[in-house]
Structure formats: C-alpha cells, structure tokens
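Please read the structure below before turning to the comments.
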Amino acid sequence: MSDDDHCLIDASRPPKADGPPYAECVLCREPTEYPEAYKGVTLCPVCEWQEAQRTACSG
C-alpha cells in the first residue's frame, strides 16, 4: 500500500427496501431507505450524507 492509499472507505451498503417497514436510522431514529429486516448499521439519507462529509478525504 502506498502513501496515496490513505482514504479507504468501506462503500458497502444494505440493499434498498421495496417498501415499508423500513429500518430506523441508528443516529436519529428516522426511517431509512433500507428494509427493517436488515441486520447492521442503517442510516437515513440525511445522516448518511453527513457521515460521508465527516469521513471524506480533505486532500
């Protein structure tokens, strides 16, 4: 791995739900776009965007 590989982010996402029930966002408890049965971390679109901004490379 070179020095240029400092920004590695796991881009895996849960599958989008076809309809309700939706999983709750783990941060704000709002409905997400993901199925309720999904096991793992789910974020609503707003928190997902904010998390991406927070963890994005700045250089």
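As the structure is a prediction and not an experimental result, all values here were calculated from the model. By convention here, the first residue in the shown sequence is residue 1.
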Over all atoms of both residues, closest heavy-atom pair of C25 and C28 | SG-N, 3.5 Å
Do L43 and T32 have side chains that get closer than 4.5 Å, going by heavy atoms?
-> no
Examine L27 and V41 and state if one hydrophobic cluster contains both, with Ile, Leu, Val, Met, Phe, Trp and Tyr joined whenever side-chain heavy atoms are less than 4.5 Å apart.
-> yes
Validation row: E33, P45 side chains within 4.5 angstrom (heavy atoms) = yes
Could you give the distance from OH (Y34) to SG (C44), rounded to the nearest 0.5 Å?
-> 9.5 Å
Does T42 reach the main-chain N or O of E24 with its side chain, forming a donor-acceptor pair under 3.5 Å?
-> yes
